[in-house]
Novice: 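Just passing along the structure, written as structure tokens.
Hydrogens, waters and symmetry mates play no part in the numbers below; they use all other heavy atoms, side chains included.
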Amino acid sequence: MLLNKNFSRKSLLFVVLCVFAAGLVFAQSSADLTKRYLQRADDQYSEMQYEEAFKTINACLRFAQNADEVPGNVYLLATQIYTKLLEKMSKTKNYALAENATFNDVVMNLQTYPKINEDPQIQKFVKIIQQQQEDAKNAARDAETRKTMESIADKQQAQQKEMMENFSASQQEMVETITTSTQESNKQMLENLSDKMQQSNTTLLEGVTTTMTTTLDTMDKRSNKTLWIIAIIGGIIFVIVFIIVFLAVKASQKAAAQQAMQLDSTLKLIAGMQQTNNQLLLGGVTDFNGMGLKSAGSSRWGVDALPAPEMTEEEKAELKQLVIDCEKLGSEIDAVTKRKNNSKNVSELVYKLAMQLGLNQNSSMVYFAASMVYDAGFLSVPEEILEAETLTDEQRVILKDHINHYEEYLGFVPKKYWEIFEDAAKYHHENMDGSGTFGLEGDKIPQIARLIHVAESYNSLISRRNYKQIMDKETAIEELLSKPDMYDVDVVKVLDAIL
């Protein structure tokens, strides 16, 4: 019995010693493997094979991590390799590595090994690459926007060309009809006048002939004095006939001139009809007659509106300068609110929505300018409030009150455009059910404010924000359509159509 117990104890001791020996062997093997991988990664780093060194050092990190603790020299070399690799990516803008690895894989490894991510150089290059990717995405979106606008412009131009061709054909037919009718009328009038002149001449000639015949019959009976009297009478009759013929020709010429004037008036009327048709092709929703451009509060987009008159060169220069000033102020607003390209993206969407909804070119350009500076009131908000992650109740009140501080920044806006800029800055947070800041609802909300409300919300949904997840276009549109109490559904549907 005692022998069995001694045997069991010896067996257990043997097993423990075996396990301990195996652990020492594994630890030694893992340490050797880590050392070999470290040396290999260092060689690849020296030869500037940063992608290969990246794979090797990652393997080294995994082996070292399995050995309970990563040595400091492994972290040091890994930091150097990661820095060089990220620097190479930022310069070449090639974010793909060998074997389908990408920049995202580098970021994931940095999360796995946070000690490497503490290096300032690595953080700097990560931010640079993320910004490059964001800029590339914005560039692609801008290209798509330009392509969409060009497509819309080409479609509108084709429609206008087709309408003008149809109108020109109708106009040509009308001119030919009027010309033919006028020619027939002139011809008929001249024929009637010619017949009358011929009858008059015949009557006069017959009278002269009869008189002369009678005179010749009595010449033998009359004296020379009588002959002279007859000759004088004949001359008088000839002069009378000449005068009658001359007056008839003048009357014919006058009638022909009147017919020509009537034809010219008709052609001018047709030309005026063509000009009116060209203006109607543009559509319109505002009154732009020098008395001030008004932001209508109706939902009748482009209906029952007069076309905008042609702008003078002075007005065009004034509007161009207004756009330049708004673009500069919009950049300042984006800088303080940390919303990159927000004014540019929102104003472009508002312009396309306005054109698609039937507003004329003049109105759409003013809407475009106002949409770049609708958040000018944010310039009055203290910087610490704009950058704070959490706000007190008092700070929320100050932030919300930005819509009442736009006037001090929009002094450059001409008086005739002021109402639109005021509506854009003051009412862009109004909801369709009246739950906004000032309680306006439905069609009482100015059209420019409804356009900005939709465009700003859409841009926010598809842009990167720290407090929310980025949405794709389809999901963002569905989100807007699901809230008819906040957004004008007609505007959202047009937005969906032009994206």
Side-chain angles (χ1 to χ4, degrees), residues 138 141-142 144-149 151-153 155-156 283-286 295-305 339 341-360 363-372 374-375 403 420 423-465 467-499:
N138 290 335
R141 183 168 63 248
D142 291 343
E144 184 179 355
T145 299
R146 286 194 297 272
K147 184 177 180 182
T148 302
M149 292 182 67
S151 176
I152 293 174
K155 185 182 296 184
Q156 291 178 344
V285 73
T286 58
S295 173
S298 171
S299 62
R300 297 171 64 82
W301 303 93
V303 179
D304 300 335
R339 297 180 300 178
N341 295 328
N342 180 74
S343 62
K344 174 178 176 291
N345 295 334
V346 171
S347 59
E348 287 181 355
L349 282 178
V350 168
Y351 174 81
K352 290 191 286 186
L353 286 170
M355 290 292 291
Q356 193 69 14
L357 286 164
L359 277 73
N360 59 52
S363 305
S364 299
M365 283 303 298
V366 178
Y367 277 26
F368 172 76
S371 300
M372 285 191 281
Y374 71 95
D375 263 341
I403 59 176
I420 280 189
D423 288 343
K426 191 173 182 179
Y427 299 118
H428 63 271
H429 286 307
E430 298 303 296
N431 296 324
M432 295 299 288
D433 63 354
S435 61
T437 306
F438 295 97
L440 299 182
E441 61 178 312
D443 293 346
K444 295 181 180 179
I445 304 173
Q447 291 177 344
I448 178 65
R450 279 182 272 162
L451 293 178
I452 292 176
H453 195 20
V454 170
E456 180 190 40
S457 298
Y458 173 78
N459 187 59
S460 176
L461 290 173
I462 66 170
S463 301
R464 174 173 295 178
R465 294 288 188 272
Y467 55 85
K468 68 173 183 61
Q469 184 179 4
I470 302 174
M471 292 187 181
D472 56 32
K473 296 179 180 179
E474 291 76 13
T475 307
I477 291 295
E478 291 176 1
E479 177 72 13
L480 297 178
L481 287 174
S482 68
K483 297 179 179 178
D485 54 327
M486 295 180 62
Y487 307 105
D488 189 326
V489 176
D490 293 335
V491 176
V492 179
K493 289 180 179 178
V494 173
L495 176 63
D496 186 24
I498 65 177
L499 291 177

Novice: Hey, could you give me the NZ/CG distance between K344 and N138, rounded to the nearest 0.5 Å?
Specialist: 7.5 Å
Novice: Compare every heavy atom of I448 with every heavy atom of I420, then report the nearest pair and how far apart it is.
Specialist: O-CG2, 4.0 Å
Novice: Supply the atom-to-atom distance L499 CG to I477 CD1, rounded to the nearest 0.5 angstrom.
Specialist: 5.0 Å
Novice: At their closest point, which heavy atom of Y374 faces which heavy atom of A424, and how far apart are they?
Specialist: CB-O, 3.7 Å
Novice: With the side chain counted from C-beta on, respond yes when D485 and N431 share a heavy-atom pair under 4.5 Å apart, and no when they do not.
Specialist: no
Novice: For residues L480 and L461, report the shortest heavy-atom separation together with the two atoms involved.
Specialist: CD2-CD1, 4.1 Å
Novice: Nearest 0.5 angstrom please: L495 CG to L481 CG, how far?
Specialist: 9.0 Å
Novice: Aromatic rings H453 and H429: how do their planes relate, parallel, tilted or perpendicular, breaks at 30° and 60°?
Specialist: perpendicular
Novice: Look up atom CG in D433 and atom CG in L440, then write down how far apart they are to the nearest 0.5 Å.
Specialist: 12.0 Å
Novice: Could you tell me whether the side chain of S343 reaches within less than 4.5 Å of the side chain of D375, counting heavy atoms only?
Specialist: no
Novice: Within the side chain of E456, is there an N or O that forms a donor-acceptor pair under 3.5 Å with the backbone of V346?
Specialist: no
Novice: Would you indicate whether the side-chain heavy atoms of Y351 and M365 approach each other to under 4.5 Å?
Specialist: yes
Novice: Step by step, would you call K352 with E348 a salt bridge (charged side-chain N to carboxylate O under 4.0 Å, His left out)?
Specialist: CA-CA 6 Å; K352 290 191 286 186; E348 287 181 355; 5.9 Å; no
Novice: Check whether any side-chain N or O of S457 sits under 3.5 Å from a backbone N or O of V454 as a donor-acceptor pair, and report yes or no.
Specialist: no
Novice: Do NZ/NE/NH1/NH2 and the carboxylate oxygens of K483 and E479 come within less than 4.0 Å?
Specialist: yes
Novice: Atom CE of M372 and atom CD1 of I452: how far apart are they, to the nearest 0.5 Å?
Specialist: 11.0 Å
Novice: If you define the side chain from C-beta out and look only at heavy atoms, does anything of Q447 sit under 4.5 Å from D488?
Specialist: no
Novice: Locate the shortest heavy-atom distance separating I498 from L353; write the atom from each residue and the value.
Specialist: CD1-CD2, 4.0 Å
Novice: Could you tell me the separation between the CZ atom of F438 and the CD1 atom of I445, rounded to the nearest 0.5 Å?
Specialist: 12.0 Å
Novice: Where the side chain of E430 meets the backbone of G439, is there a donor-acceptor pair that is under 3.5 Å apart?
Specialist: yes
Novice: Under 3.5 Å, side chain of N360 to main-chain N/O of S363, donor-acceptor pair present?
Specialist: yes
Novice: Do the charged groups of K473 and E144 touch, with an N to O distance under 4.0 Å?
Specialist: yes
Novice: Do L349 and L451 have side chains that approach each other closer than 4.5 Å (heavy atoms only, starting at C-beta)?
Specialist: no
Novice: Please give me the minimum heavy-atom distance between M432 and P484, naming the atom from each residue.
Specialist: CB-O, 3.6 Å
